[in-house]
Amino acid sequence: MDRRFFFKVSVAGSATATLAGCGNPENQLIRFIPDEQLIPGLSVWKPSICPLCPAGCGLLARVVEGDAEVIRDGERGVVKMGLVKKLEGNPAHPINRGRLCARGQAAIQAVYHPDRIAHPLKRDGERGTGRFSEISWEQALAELTARLNALAAAKNPQALSFLTRPLPGQRQTLVTEFLRRFGAPPPIVFEVFGEGVLRRANELSFGYGQLPTVDFARSRYVIAFGADALGTWNSPVAQSIGYGEMRQGTPGQRGKFVHVEARLSQTGANADEWVPAKSGTEGLFALGMAHAIMKSQLRSPEAAGLAGALIEGWSEGLPRYTPAEVAAQTGVAAERIERLAREFAERWPAVAIVGGAVCAHTNGLFNALAVNALNALVGSVGEPGGIVFTPKLDFGLDFGAGREDAAGAVTQSIEQMAALVNASAPAPIQTLLLNDANPVFGAPPAWRVKEALLKIPHIVSFGNFLDETSILADLILPDHAFLETWMDNTPESGQTMAVAGLARPVVRPLYQTRAMPDILLEVARNLEQPLSPPLPWTNYEEMLKAAFDPLLEAAGANWEESLQLGGWATAIPSGTRGPVVEMKPMPWVEPQFEGGAKDFPFQFLPFKSQAFLDGSLAHLPWLQELPDPMTTAMWSSWVEINPKTAATLGIANGDLVEITSAHASLRTAAVLAPGIAPDVLAMPVGQGHETFTRYASGRGANPIAILAPMKESATGELAWAATRVRISRVSAAGQLTLFAGGMRERDPEHDHR
């Protein structure tokens with residue numbers, strides 16, 4: 001795509017906000033009267049919060065006056081208004097301290113996207129065809145309110161369900177309270193690469209059921225087990241800043257970085273040592289190191305405390321986990337295990353981190369617990385240069401003595417919801433509210449999510465783009481873009497102090513959209529049977545002020561100053577530890593895979609794309625144009641295969657190959673990657689959308705479509721690294737677009753493999 005197409009600049013330097021290039025002369029459009037005063041040519045920088053991942057980085061948006069093509073009262077026209085021309089990191093924000101990743105830079109395109117939904121829509125064709133008609137907000141809200149009134153009148157509020165991606169800040173509080181007071185179950189939260197296993201491991205080991213903050217900057221030695229800490233895992237911008245300080249922040253001292261994983265990721269490529277342990281055995285590797293440390297009397301078993309007690313044989317010094325025995329399982333030489341163990345114990349402060357595919361095997365919890373025990377053994381928990389747990393803020397909103405949660409209202413997973421709906425007639429869910437989640441794309445096919453959604457009588461989407469899930473909606477009530485609405489985020493990690501991001505709208509809405517929280521509050525006021533007790537706010541701004549004011553007052557800060565900075569942070573005491581959970585020590589068990597090794601000889605490793613994460617960002621063309629840091633591929637999908645393995649199968653770089661699991665097959669281009677184990681095939685998630693704007697639809701293949709529905713044995717989380725596959729060459733026609741390399745499509749007549 002031509003970059004100039006994205007921001008069409010007129011002679012006067014104005015951005016055409018719809019980006020659609022409608023081709024109509026400006027004099028055929030209505031010229032609306034401006035509703036704000038800006039000085040032509042003068043830039044104003046306004047704070048906001050990046051919504052593209054949970055890290056909660058702070059932004060500064062450069063706003064200038066320009067002519068924008070907008071919709072006002074159902075009519076399309078042009079108005080002079082503030083337009084965002086650039087996003088940068090906010091230097092005042094403690095998470096990212098002025099830095100911003102490529103994904104954050106591209107977030108501007110979520111506002112000025114040609115396929116953004118501009119007004120409420122009602123389905124007028126078969127589900128999934130994408131046929132909708134424009135309706136007014138009055139009609140749309142009346143229909144939603146009528147649906148909820150019918151559920152309440154039938155004494156069936158449990159038939160309302162809310163499906164969402166993880167919600168930041170007070171949005172989670174509002175949605176949960178709306179559902180509770182209506183009598184509905186809690187929201188169903190869906191994310192492809194969930195971190196439930198690691199949160200559970202941290203809760204068991206340390207009493208904190210959250211992701212850790214890694215103090216890279218003050219560490220002298222970091223060993224990462226699978227966590228793509230510099231790319232896609234946890235809080236990558238904050239971690240990258242700390243990594244840079246670890247490497248060059250202290251004169252004469254350069255911390256060492258070791259990465260353990262079967263595939264060389266961007267993070268692994270930045271390490272001093274990459275250790276390709278067999279996939280699923282990384283926890284065993286950590287215990288081999290712990291054994292060597294204790295045997296050399298560099299630390300005693302008691303130093304690990306509760307974290308060590310969770311591992312079978314810990315108090316005896318892990319006699320079953322000698323480096324020689326671990327080497328046979330992991331494929332890493334015993335001498336290397338012993339050397340790394342000695343370095344880790346002696347170059348203190350040191351820290352071990354775990355994440356990604358290591359936690360996504362059937363033995364993922366054990367792997368995480370083993371790494372936690374290694375950390376505790378060398379005293380790296382709660383100490384400078386180790387891991388800490390960011391304190392959680394208590395906003396203390398007074399919700400009153402509302403009714404209890406609906407009977408049996410336990411938090412469901414999307415898999416449980418789909419199974420229940422598919423097994424019932426009529427569907428137990430009559431109205432589903434959908435907020436920015438796309439499980440039709442992101443869930444394994446065996447869960448039958450699409451079949452379940454088709455059985456639900458009424459679906460309402462708050463999304464502002466059509467994707468594989470929202471195209472099934474009956475009613476679409478498009479949310480504002482993030483720069484057009486109030487934003488808040490309380491990051492789970494990334495700083496040792498408590499942080500709360502807060503930002504007012506940066507620009508006025510381009511289209512006839514409304515903020516999802518404001519829609520819920522308005523619907524709540526118009527119900528025939530009011531919520532019990534009623535929600536006390538008329539809009540989301542009021543709720544945020546009620547939540548933040550007590551905290552700001554206690555810290556000697558104020559509302560306006562916090563808005564100018566884009567948030568607030570304070571060094572409060574460490575978060576409250578949870579209760580000790582009684583659990584028997586866990587023994588090592590080998591990871592299990594679906595698909596026998598004879599018929600399916602390769603482990604299949606999907607991974608977060610550096611550009612698209614779980615695929616939710618594939619609609620942004622700047623990210624489609626972003627070269628992958630390891631392959632330079634762009635606008636493409638591919639599978640990574642070891643060159644020696646490829647040679648035995650007659651596969652060359654750029655070939656079209658077919659990958660088959662016990663459930664399905666896909667076709668994509670092959671990339672020969674030396675940094676991958678011979679028995680592993682790795683593929684980025686992100687492409688393969690059937691429906692997701694003009695930039696992502698019909699492009700590449702979706703690796704989730706062939707995943708087995710395997711589960712982590714202790715938590716029930718999806719074990720997305722537990723699928724076996726086979727691969728075969730189809731032809732030389734695999735299309736692979738490489739940066740500065742054109743389309744990689746080989747000519748068989750000139751194939752000199």
Side-chain angles (χ1 to χ4, degrees), residues 121-132 140-165 175-176 178-191 403 405-463 466-477 516 519-520 523-524 527-529 531 690-691 709 716 718:
L121 299 174
K122 184 172 182 177
R123 178 173 62 87
D124 61 7
E126 292 293 322
R127 272 188 173 173
T129 61
R131 291 177 53 192
F132 295 90
L141 293 178
E143 179 170 329
L144 174 57
T145 305
R147 291 279 177 175
L148 300 189
N149 283 336
L151 294 181
K155 301 189 183 306
N156 190 23
Q158 301 94 331
L160 172 66
S161 189
F162 196 106
L163 174 60
T164 181
R165 67 179 292 185
V175 169
T176 301
F178 178 92
L179 295 171
R180 182 176 73 87
R181 297 177 192 215
F182 186 77
I188 300 169
V189 178
F190 174 75
E191 54 182 334
R403 73 178 80 175
D405 286 343
V410 296
T411 302
Q412 286 185 316
S413 68
I414 185 68
E415 179 192 12
Q416 292 167 331
M417 183 272 279
L420 182 63
V421 171
N422 283 321
S424 305
I429 297 173
Q430 293 294 299
T431 295
L432 175 70
L433 305 182
L434 176 67
N435 181 68
D436 206 17
N438 189 7
V440 174
F441 174 83
W447 287 0
R448 299 174 57 210
V449 171
K450 184 174 182 179
E451 293 93 322
L453 294 177
L454 289 171
K455 290 184 64 177
I456 295 174
H458 198 253
I459 299 175
V460 179
S461 170
F462 298 111
L466 282 181
D467 58 28
E468 289 85 353
T469 303
S470 63
I471 200 171
L472 304 179
D474 302 277
L475 192 64
I476 298 179
L477 310 180
M516 180 272 290
I519 294 173
L520 292 183
V523 168
L527 292 174
E528 293 175 355
Q529 296 184 25
L531 300 184
E690 295 180 4
T691 303
L718 175 65

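Computed over heavy atoms, backbone and side chain alike; hydrogens, waters and symmetry mates excluded. Fair warning: this is a prediction, and the values are worked out from it, not measured in the lab.
Between Thr164 and Val175, every side-chain heavy-atom pair lies at or beyond the 4.5 Å cut-off. Two residues are said to be in side-chain contact when any heavy atoms from C-beta on lie closer than 4.5 Å; Leu151 and Phe182 meet this criterion. No side-chain heavy atom of Ile459 sits less than 4.5 Å from a side-chain heavy atom of Arg123. At least one side-chain heavy atom of Ile476 sits under 4.5 Å from a side-chain heavy atom of Leu466. Annotation: side chain of Asn156 is in contact with side chain of Gln158 (closest heavy-atom distance under 4.5 Å).
Formation of a donor-acceptor pair under 3.5 Å by the Asn149 side chain with backbone atoms of Leu527 is not found in this model. Side chain of Asn435 to main chain of Phe462: no donor-acceptor pair is present (N/O by atom type, distance under 3.5 Å, no hydrogens or angles). Checked by atom type and distance alone, the side chain of Glu451 never pairs as donor or acceptor with a backbone atom of Asn422 at under 3.5 Å. Under a 3.5 Å cut-off, the side chain of Asn438 and the backbone N or O of Asp467 do not form any donor-acceptor pair. Judged purely by atom type and a 3.5 angstrom limit, Thr431 has no side-chain atom pairing as donor or acceptor with the backbone of His458. Judged purely by atom type and a 3.5 angstrom limit, Lys450 has no side-chain atom pairing as donor or acceptor with the backbone of Leu472.
From Leu433, atom CG reaches atom CE of Met516 across 9.5 Å, with rounding to the nearest 0.5 Å. Atom-to-atom distance recorded for Leu144:CG and Ile519:CD1 is 8.0 Å, nearest 0.5 angstrom. Here the CG atom belonging to Leu454 is positioned 10.0 Å from the CD atom belonging to Glu126, to the nearest 0.5 angstrom. Distance check, rounded to the nearest 0.5 Å: CG of Leu477 to OG of Ser461 gives 8.0 Å. Rounding to the nearest 0.5 Å places CD1 of Ile414 at 8.0 Å from OG of Ser161.
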Criterion side-chain contact (heavy atoms from CB on, under 4.5 Å) on Arg127 and Asp474, from CA distance to verdict: CA-CA 8 Å; Arg127 272 188 173 173; Asp474 302 277; 2.5 Å; yes

Verdict with supporting geometry, Gln412 and Leu420, side-chain contact (heavy atoms from CB on, under 4.5 Å): CA-CA 10 Å; Gln412 286 185 316; Leu420 182 63; 3.7 Å; yes

Step-by-step side-chain contact (heavy atoms from CB on, under 4.5 Å) determination, Leu434 to Val460: CA-CA 6 Å; Leu434 176 67; Val460 179; over 6 Å; no

Full working for side-chain contact (heavy atoms from CB on, under 4.5 Å) between Gln416 and Ile188: CA-CA 10 Å; Gln416 292 167 331; Ile188 300 169; over 6 Å; no

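Here the closest non-hydrogen pair linking Thr129 and Ile471 is C-CD1, 4.4 Å. Considering every non-hydrogen atom in both Ala524 and Leu531, the closest pair reads CB-CD1, 3.6 Å. Nearest approach of Leu160 to Pro185, heavy atoms of both residues: O-CD, 3.4 Å. Pairing each heavy atom of Leu432 with each of Phe162, the nearest pair is CD1-N, 4.3 Å. Between Ala427 and Lys455 the shortest heavy-atom distance is CB-O, 3.7 Å. Taking every heavy atom of both residues into account, Ala437 and Thr469 meet most closely at O-CB, 3.9 Å.
For Pro709, the side-chain contact (heavy atoms from CB on, under 4.5 Å) partners two or more places apart in sequence, or in a different chain, are Ala446, Trp447, Glu594, His663.
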